[in-house]
Amino acid sequence: MLKALALADHGEEALARLADMGRLGVPVDSYSYAHGLKACIAGSASHAPASARVREMHAHAIRRGYGLHTHVATTLIDCYAKLGIVTYAERVFAWMPERNVVSWSAMIGCYAKNERPGDAIELFQEMIASDADLVPNSITIVSVLHACAVVNALGQGKVLHAYILRRGFDSLVSVLNALMAMYMKCGCLQIGRYIFDWIGRRRDVVSWNSLISGYGMHGFGRESLQVFEEMIKEGISPSIITFVSVLGACSHAGFVEEGKKLFESMVEYNVTPRAEHYACMVDLLGRAGRLDEAVELIQSMRIGPSPQVWGSLLGACRIHGHVEYAEMACSHLFDLEPRNAGNYILLADIYAQAKLQNQVDVLKELLEEHALEKVPGCSWIEVKKKLYSFGSVDDKNPQVEELQALIGEFVTQMKNEGYVPDTRTVLYDIEEEEKERILLGHSEKLAVAFGLINTSRGEPIRITKNLRLCEDCHSVTKFISKFTEREIIVRDVNRFHHFRDGVCSCRDYW
DNA sequence: TTAGGGTTAG
């Protein structure tokens with residue numbers, strides 16, 4: 001009965017039946033809670049009621065002495081992971097008297113799902129060090145690979161690759177797919193391609209999707225389209241994700257016509273366009289400056305535009321400085337995602353570009369009023385398998401002054417060659433000189449400087465940034481790549497930038 | 001009859 005309720009997403013009823021069991025004196029067991037907990041979170045539109053139900057079920061399990069039963073506790077970890085309540089998952093994990101490979105994997109997956117990839121990797125290391133009988137399996141490996149990909153931890157990823165070979169996990173397509181995705185997300189496109197070829201005939205739709213998106217995020221639109229065509233020729237049915245990937249690739253490469261054709265062809269493959277496909281199309285059109293077309297497409301949608309769709313339009317307005325459409329996008333976004341500070345910041349940015357300081361101030365007041373905080377810019381770099389992170393106003397790192405001075409030298413050099421710092425994105429109403437100083441402290445510049453000092457000549461510098469790369473950092477990094485003859489690879493929140501010899505692979509289109 | 005994973009998107 002409880003299992004059926006879980007499958008049908010009836011959490012309330014599952015709780016009620018469990019209460020009945022107590023009242024009627026029917027003994028419960030670990031199965032009751034495992035199914036009951038699944039029912040609590042399945043299919044819930046909102047986290048709030050699901051969270052209340054899980055806690056209630058958790059309390060019930062504790063009262064009956066099942067709170068720390070291995071299967072029940074593991075299910076609890078997964079429930080809290082899915083609800084984003086990491087501290088509860090940690091507490092359950094810490095108190096378990098017996099943990100097996102599944103419990104460890106659930107906890108590692110919890111960190112990976114909740115933007116704590118560093119902790120996921122650490123826990124994995126703890127796991128293999130803790131007990132000789134505790135052996136990770138393919139699911140554990142896939143979770144950790146995913147975590148490495150998220151933080152761009154290539155060194156750790158390679159350690160895992162070696163581990164996979166030693167333990168023979170390389171016979172599993174799921175593991176190879178995750179390995180391929182990890183390499184491509186860490187900037188190693190060629191190795192990803194190599195693994196794809198090596199998988200050979202065993203490749204599945206996930207392998208194809210990974211390769212298509214891999215080429216896409218590196219700006220190789222042509223290759224991405226080729227792989228898509230190859231996939232069709234081989235008789236593989238493209239999935240919803242295939243189209244998100246290939247449309248995204250068109251967007252990064254500026255292939256407007258190709259993208260439009262693909263979008264129209266979706267019905268032929270029995271894939272109905274969803275909001276995420278519209279978001280890709282709006283991004284594609286908007287980025288290319290075809291804002292009117294983007295707006296027309298939104299208005300033609302039969303499904304309600306998602307925040308991502310309006311977000312794409314807003315992003316395009318920022319690139320092309322379109323105040324009117326930005327306001328239109330925000331009139332929806334402020335309703336749909338009232339707590340997302342990023343939307344307010346983007347609009348403020350657009351107002352600042354248009355020199356509408358009064359409007360900028362209004363938005364800043366709004367942000368304060370709702371106690372919304374901007375996500376601070378953060379960049380990180382891996383040196384000798386250790387991650388170093390930099391914040392934009394980072395005074396904790398004693399090396400920051402040295403790093404800023406180094407950047408300052410490059411900037412002086414650049415100014416001699418006619419460069420003017422792009423201070424438009426600094427929203428504070430302060431003197432130009434002060435704005436330039438803020439730009440010098442941007443986290444990606446600090447990370448590049450750190451890389452220059454702490455890696456050897458000829459070695460590529462790999463940086464990861466949590467936001468979009470700003471125009472000024474883009475110009476400065478191009479210069480540094482030429483001046484120091486270094487290859488600099490930056491992964492921002494959207495895509496890769498390969499800087500070499502003063503040129504960026506995105507061809508300044510991002 | 002019970003527990004954990006991979007591909008995408010502003």
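Keep in mind that what you see is a predicted model, and the values were worked out from it rather than measured. Every chain is numbered from 1, with letters handed out A, B, ... down the list of sequences.
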[N] phosphate, OP1 or OP2, under 4.0 Å from [X] side-chain N/O:
| X | N | answer |
| --- | --- | --- |
| A/K185 | B/dT8 | yes |
| A/S213 | B/dT8 | yes |
| A/N494 | B/dG10 | yes |
| A/H146 | B/dT7 | yes |
| A/K113 | B/dG5 | yes |

Selection from B/dT2, B/dG10, B/dT8 that lies nearest to any side-chain heavy atom of A/S245: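 The answer is B/dT8.
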message: Counting only side-chain heavy atoms from C-beta out, which of B/dT1, B/dG4, B/dG10 sits nearest to A/L333?
response: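 Shortest atom-to-atom distance from the side chain points to B/dG10.
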What does [X] touch in the nucleic acid at a heavy-atom separation under 4.0 angstrom: a base, only the sugar-phosphate, or nothing?
| X | answer |
| --- | --- |
| A/N343 | base |
| A/V175 | nothing |
| A/S32 | nothing |

Looking only at N and O atoms, is any donor in the side chain of [X] or the base of [N] less than 3.5 Å from an acceptor on the other one?
| X | N | answer |
| --- | --- | --- |
| A/N137 | B/dG5 | no |
| A/S105 | B/dG4 | yes |
| A/D78 | B/dG5 | no |
| A/N100 | B/dA3 | yes |
| A/T75 | B/dT2 | no |

field: Over 12 foreign heavy atoms within 6.0 Å of CZ, A/R202
entry: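 Yes, the 6.0 Å shell around CZ holds more than 12 heavy atoms from other groups.
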- prompt: CZ of A/R507: more than 12 outside heavy atoms within 6.0 angstrom?
  reply: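 Atom CZ in A/R507 is not packed in, count stays at 12 or less.
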message: For A/F243 together with A/F228, are the ring centres under 6.0 Å from each other?
response: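 Yes; A/F243 has its ring centre under 6.0 Å from that of A/F228.
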field: Aromatic ring proximity A/Y183/A/Y194, centre distance under 6.0 Å
entry: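 Not close enough - the centres of the two rings lie 6.0 Å or further apart.
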- prompt: Any chance the side chains of A/N114 and A/D119 put a donor and an acceptor closer than 3.5 Å?
  reply: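 No, because no side-chain N or O of A/N114 sits under 3.5 Å from a partner of the opposite role on A/D119.
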